[in-house]
Enquirer: 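Got a structure for you, written out below as structure tokens; questions coming shortly.
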Amino acid sequence: MENDNRTELAKGYEHREVEARWYPFWLERGYFHGDENDRTRPPFSIVLPPPNVTGSLHLGHALTATLQDVLIRWKRMSGFNTLWLPGTDHAGIATQMIVEKELKKTEKVSRHDLGREEFLRRVWAWKERFGSRIGEQHKALGASLDWERERFTMDERSSRAVREVFVRLHEEGLVYREKKLINWCPDCRTALSDLEVEHEEAHPGELWSFAYPLADGSGEIVVATTRPETMLGDTAVAVHPEDERYRGLVGKKVRHPLLDREIPIVADAILVDPKFGTGAVKVTPAHDFNDFEVGKRHGLEQLTVIGLDGRMTEAAGPLAGRDRFDAREEVKRLLAEKGLDRGTKPHVLPLGRCQRSQTVLEPLLSDQWYVKIEPLARPAIEAVEQGRTRFIPEQWTNTYMAWMRNIHDWCISRQLWWGHQIPAWYCPDGHVTVARETPSACATCGKGALRQDEDVLDTWFSSALWPFSTMGWPDRTKTLETFYPTSVMETGHDIIFFWVARMMMMGIHFMGEVPFRTVYLHPMVRDEKGQKMSKTKGNVIDPLVITEQYGADALRFTLAALTAQGRDIKLAKDRIEGYRAFANKLWNATRFALMNLEGHVHRDVDPTKLAMTPADRWILARTQRAVNDTLAALEGFRFNEAASTVYQFVWGELCDWYIELAKEALYGDDAGKKAAAQATLTHTLKTALLLLHPFMPFITEELWHVLRARVGADGWPDSILAARYPRAAEVDEAAERGFGPVIGVVDAIRNIRGEMNIPFKVVLEDVELGSLDAEAEATVREELGRIHRLANVKDARVLSDGAVPAKRGQSAVAVGAGFEVRVGLAGAIDLAAEAARIEKEIAKLDQDLASVGKKLENPSFVAKAPAEVVEKDRARLVELREKKHKLEAHRAMLSGSETLSTRRQSMENQNEQKPTTEESPSTPAAAVQEAAGQVQTAVAGAVEKVVATATEIAKAASSAVVSGIEGLRKEKKPARRSARKPAKKAAAKKVAAKPARGGKKVAAKKAPARKAAARGGKKAAAKRVVKAPARKTAAKKGARKAAARRGRK
RNA sequence: GGGCGGAUAGCUCAGGGGUAGAGCGUCGCCCUUACAAGGCGAGGGUCACAGGUUCGAAGCCUGUUCCGCCCA
């Protein structure tokens, strides 16, 4: 590949071909390997959140991979010793269920039929078969993972770490075994941790009441329940101690109507809410978390009536063996028969479901292993308080803290086969031996015949160790020394508790230091309708389907561009299409460069030694600005800003402006200027490729190679991966500003063309450029050739010493800050259109004048607002007035012509009748004009009306096209157009999305503003209006500039 | 019940005290020798609602209404 010396490119970008080429190239060269022995470069490490080994990646994973790869590639190119460590998770329940399902389907056997050993063999086989898929998907996405270090949560070293942790925690008393109520999934047949319970907020159910007869026959007590079947396990009835209704009953007993038992009535102020239901509560300590606590307080019996299979136990007497939901109905029926039914009413209740199977969970009493959390949580809280780990976005800090502060002990045993079997052994006498290696004798009594605990550990237990178990712990490895703590944990906010919090606890406890310095929590990826992607909804998208269709680079760029803090991502195809177009744009920009760099041997750009023009200096300054902005965004994890900065720069400045500007020199005869343009183009394109590489690794690598081959640049590494990422530096603001008038003038002429319907083909031969200060004049003169080319103008006259273009009829005029353009359209101008255009512009100026004037009129504003703000508005006022005067002069000129005067006459007649009504196009505006300082509040409303009117007139006028304009147009080619346009265009239009193309021309617009300000002697003055016509446009551009400034920080 | 987020152009979304933004879509014009996956131009918003703070609020505060998510 290094011998690839192609210097030409195909006409369009074909991602399939290009993307296939580079991953093997990178791998061969070992670029992705983190060097644990290299202590000279600063380390930067990330561990990839391990996906489920039997699953396949979805778009959430693609987002993870993208953002992490952006960070890793950026840091790698910036001189860091990077490690990005891949791996997969054994995903206990999920994997076991998948394999069980498959076995049932294909072999009609259950895991119990096969036995534990054989079943596990099958799961491993399954894992081998499908586990590689995830790796392939990551490679297709371009993820620069260090595959040499790939790990699996159940590989030998991870298992060793798991055992070590379990044993140590046990030795420290932080792991214990106890019989208590746990959430049990009768379907998965395993205990779950609190976190694996999904709470259904408002499940529609019923509250059913029945009577317990008092044992002494003196009456009854009515209780209400949502779970009648549990009454078989009731061992008390509780009332509130202060409830008058039941005061006399406390201490008495009731008789169980279905079982031969007597049950005490107890008083409990915590459990019972006297206002709920009847104020009396049945108590089932073995099947309800609240009741369990009541049972402990009152020493009640715990009677298990529902078994692990969800069926009633022997203790349920007549209902033994019945399914729990059947039993519910049967209990109701039986009690009704006995005349104890006291009615039912609808009731919404919260319901706990199994995260995995959606089965309604059953609280059951059982022996399980737990991690005592409080001693682990405390240091994990402190670490965040002290800032040793920080969350981005910051608000997740609160979520983390809140959870950590009232965390419960963690149930870590699972009744599964697939997982780390708990390293605890039981002797025949029931003593427990916990050990690293399989023991031969009981640690307590020395007896043999030990039996290992059959349960396995919660999958998250091994995941919690991931940042250090993957680096070789419990050994003290070089990898740990070099790369722990990791630099960033980047994952979805949905697993902040499951994973992030637990890694924090384990990392601090076993490594003595936090596992990561920064936690960046990305948003959730949703479908176009905003729904969470899930298998059951069937809206899961395989990233490979997208990469196949649009290219991995397009997908990656889209994901990065949509990753703004604080909102979920709704992935829309339009956006991906748009960024595919962007890739194509970059491709073609490079293609253009290659065509025009023949013979150019690139050396670092040194402006002092080359015949650089203002355009060259401008794009170099803009390039540096893009570099600075991109770096700032990356540093702050603002992926969307970084992406859009580069996008705007490449498309809006490099392609839309510089390439067009450069043609003048590239195609021209001046060897010095040509060389300067070539050097500038090369530098700018190279920088763009470098900036983009972390986001779009494939295409940038491809283009790097051809560009490198073309310009014979020795200093360029043979992979863009090994090249140095651009560094922040001071921006040449004078160069940015200085070029403004050129862009302003071109924009102004294009706008006139657009509004006057003058096709680009028609050469404008009577153009005057004036109102230029000395510097602008010099620049405009120097760049006149470029202005001619970009606006298709011939022999524009540049007026000296700030002279204003002569006022003539038959002309269109545009006034910008620091320049004025007159385009003569003798005999062909649509006077009505031009008048309307100017009218509209003036109306909008009036609106602005009114608002600024009102502000400056307000004494408190002048007194209290910061001086710069006031200054700025004053400068703005001056500028607006100046502009308005110029346009008015032009208007006066226009109104001299016959066409317009007729129209105007009628307008003014209307004005006289109702000067401030909507029919009035100009008078109220005129009233406002001179007196920005005296503008009355009342005027504002009128001005608004004027604007509306002016717009209407503009529309009316444009539709009344003067035929003369047609004469200017070249003959149309209807046959040709109709022959090929419809089909082609229709198709093309559909795919033409151009996303997030923010602020094209941002840069350009900035310049004139400042210039105007400078001229007026007011520094901050201006964001300004570059373009004369259409205030809306001007305003927009001002805002873009403001946005650009903000982005810059 | 507690907490967090959201409501900005037709759509999808940035922005976050000092002139309302982008992409897509829409409307004109154009095959201008890098790119029609393109170029040039235009139109489009009472920033959910109501109060308040402030010289100034889309932004800050309070409340309301909807929509998400998390926790109990």
Side-chain angles (χ1 to χ4, degrees), chain A residues 9 11-13 199 350 393 395-396 398-399 402-403 406 493-494 496-497 524 526 528 530 532 561-562 564 566-572 574-575 577-596 640-641 644 647-648 655-656 659-660 663 667 747 750-755 757-761 789 792 848 851-852 855 858-866 868-870 872-873 876 951 955 958 969 976-977 980-981 984-985 987-989 991-1000 1023-1025 1029-1036 1038-1040 1042-1043 1046-1047:
Chain A
L9 292 173
K11 192 171 173 185
Y13 174 50
H199 298 277
Q395 66 258 28
W396 293 112
N398 290 334
T399 307
W403 188 73
N406 73 71
H493 63 68
D494 53 336
I496 184 168
F497 306 141
M524 298 291 105
R526 297 172 182 279
E528 298 193 24
K532 199 169 174 175
L562 292 177
R567 199 193 289 222
D568 286 347
I569 296 174
K570 271 186 247 177
L571 192 67
D574 283 356
R575 295 298 290 263
E577 285 172 4
Y579 290 121
R580 177 181 59 179
F582 176 58
N584 189 55
K585 190 75 180 174
L586 180 71
W587 179 269
N588 277 290
T590 307
R591 185 162 172 259
F592 170 83
L594 296 175
M595 290 172 173
N596 290 283
N640 60 327
E641 270 185 38
S644 88
Y647 182 97
Q648 288 170 27
C655 294
D656 285 351
I659 284 181
E660 296 307 320
K663 285 175 182 171
Y667 300 165
D747 267 349
R750 282 174 171 172
N751 178 262
I752 288 171
R753 277 184 182 280
E755 300 228 339
N757 270 330
I758 305 165
F760 185 79
K761 259 188 193 148
R789 172 181 288 274
N792 200 19
D848 286 356
S851 107
V852 179
K855 242 165 127 178
N858 180 347
S860 337
F861 172 73
V862 179
K864 295 187 182 173
E868 310 113 63
V869 175
V870 179
K872 202 167 78 174
D873 279 340
R876 179 154 187 255
T951 308
K955 281 181 182 155
S958 350
R969 294 191 184 156
R976 212 173 150 199
R977 275 178 77 190
R980 52 182 297 188
K981 261 201 175 161
K984 201 168 176 184
K985 193 154 188 173
K989 275 277 170 175
V991 229
K994 238 201 293 170
R997 229 185 117 184
K1000 56 191 267 197
K1023 312 177 137 199
R1024 237 345 164 303
V1025 181
R1031 176 212 99 117
K1032 179 83 186 179
T1033 310
K1036 271 191 182 177
R1040 281 183 200 154
R1046 278 196 295 278

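Proteins get letters first, then strands, A, B, ... in listed order; numbering begins at 1 in each. Please read these numbers as outputs of a predicted model, since none were measured by experiment.
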Enquirer: Identify, with sequence neighbours excluded, every residue that meets side chain to side chain donor-acceptor pair (under 3.5 Å) alongside R789(A).
Expert: E664(A)
Enquirer: Of the listed nucleotides (A42(B), C29(B), A37(B)), which one gets closest to any side-chain atom of R580(A)?
Expert: A37(B)
Enquirer: Rounded to the Å, how far apart are I752(A) CD1 and G41(B) P?
Expert: 12 Å
Enquirer: What distance, rounded to whole Å, do you find between the two P atoms, one in G59(B) and one in G39(B)?
Expert: 36 Å
Enquirer: To the side chain of A581(A), which of C55(B), C40(B), G38(B) is closest?
Expert: G38(B)
Enquirer: When the P atoms of U12(B) and G25(B) are considered, how many whole Å apart are they?
Expert: 15 Å
Enquirer: For atom C1', what is the distance between C70(B) and G16(B), given to the nearest Å?
Expert: 25 Å
Enquirer: Go ahead and name the base partner of C47(B); Watson-Crick or wobble counts if both distances stay under 3.5 Å, otherwise write none.
Expert: none
Enquirer: Should the ring pair Y13(A) and W587(A) be called parallel, tilted or perpendicular, given that the plane angle runs from 0 to 90° and is split at 30 and 60?
Expert: tilted
Enquirer: So does K585(A) reach the base of C35(B) with its side chain, donor to acceptor, closer than 3.5 Å?
Expert: yes
Enquirer: Need one value for A865(A): base, sugar-phosphate or nothing, where a base atom within 4.0 Å counts as base even if backbone is also close, heavy atoms only.
Expert: base
Enquirer: Expressed in angstrom and rounded to an integer, what is the separation of N792(A) atom CG from C29(B) atom P?
Expert: 19 Å
Enquirer: When the C1' atoms of A9(B) and G15(B) are compared, how many Å lie between them, rounded to an integer?
Expert: 15 Å
Enquirer: In whole angstroms, how far is the P atom of C69(B) from the CD atom of Q395(A)?
Expert: 17 Å
Enquirer: Is any side-chain nitrogen or oxygen of K11(A) closer than 4.0 Å to OP1 or OP2 of A37(B)?
Expert: no
Enquirer: For the P atoms, the ones on C4(B) and on C61(B), what distance do you get once it is rounded to whole angstrom?
Expert: 11 Å
Enquirer: Base, sugar-phosphate alone, or nothing: which one does P866(A) contact when heavy atoms must sit under 4.0 Å apart?
Expert: base
Enquirer: In whole angstrom, give the distance that lies between atom CG of N596(A) and atom P of A34(B).
Expert: 7 Å
Enquirer: Indicate, with a heavy-atom threshold strictly under 4.0 Å, whether L9(A) touches base, sugar-phosphate, or nothing.
Expert: nothing
Enquirer: Taking atom CG of N640(A) and atom CD1 of I569(A), what is their separation to the nearest 0.5 Å?
Expert: 9.5 Å
Enquirer: Which whole number of Å gives the distance between the P atom of A14(B) and that of A7(B)?
Expert: 8 Å
Enquirer: Taking the side chain of D848(A) as its heavy atoms from C-beta onward, which of C35(B), A37(B), U19(B) lies nearest to it?
Expert: U19(B)
Enquirer: When both hydrogen-bonding distances must be under 3.5 Å and the geometry is Watson-Crick or G-U wobble, what is C66(B) paired with, if anything?
Expert: G6(B)
Enquirer: What is the distance, rounded to the nearest whole Å, between atom CG of L586(A) and atom C1' of G38(B)?
Expert: 15 Å
Enquirer: Find which nucleotide of RNA chain B each of F497(A) and N858(A) is nearest to by heavy atoms, and output the residue with the more 5' nucleotide.
Expert: N858(A)
Enquirer: In Watson-Crick or G-U wobble terms, both distances under 3.5 Å, what is the partner of C60(B)?
Expert: G52(B)
Enquirer: Using whole Å, what does the distance between atom P of nucleotide U32(B) and atom NZ of K761(A) come to?
Expert: 6 Å
Enquirer: Find which nucleotide of RNA chain B each of T590(A) and N640(A) is nearest to by heavy atoms, and output the residue with the more 5' nucleotide.
Expert: N640(A)
Enquirer: Can you tell which of G41(B), A37(B), A34(B) lies closest to the side chain of R591(A)?
Expert: A34(B)
Enquirer: Whole-Å distance between G43(B) C1' and N751(A) CG?
Expert: 13 Å
Enquirer: Ignoring backbone atoms, establish whether Y667(A) has a side-chain N or O less than 4.0 Å from OP1 or OP2 of A34(B).
Expert: yes
Enquirer: Please state the C1' separation for the pair A48(B) and G41(B) - nearest whole angstrom.
Expert: 34 Å
Enquirer: Polar atom pairs between nucleotides 51-53 of chain B and protein, under 3.5 Å, N or O only, would you list them?
Expert:
none

Enquirer: Can you tell me the pairing partner of U19(B) across any strand shown, Watson-Crick or G-U wobble, with both distances under 3.5 angstrom?
Expert: none
Enquirer: Does C35(B) have a Watson-Crick or wobble partner in any strand here, with both distances under 3.5 angstrom, and which is it?
Expert: none
Enquirer: Between G1(B) and G63(B), how far apart are the P atoms? Round to whole Å, please.
Expert: 16 Å
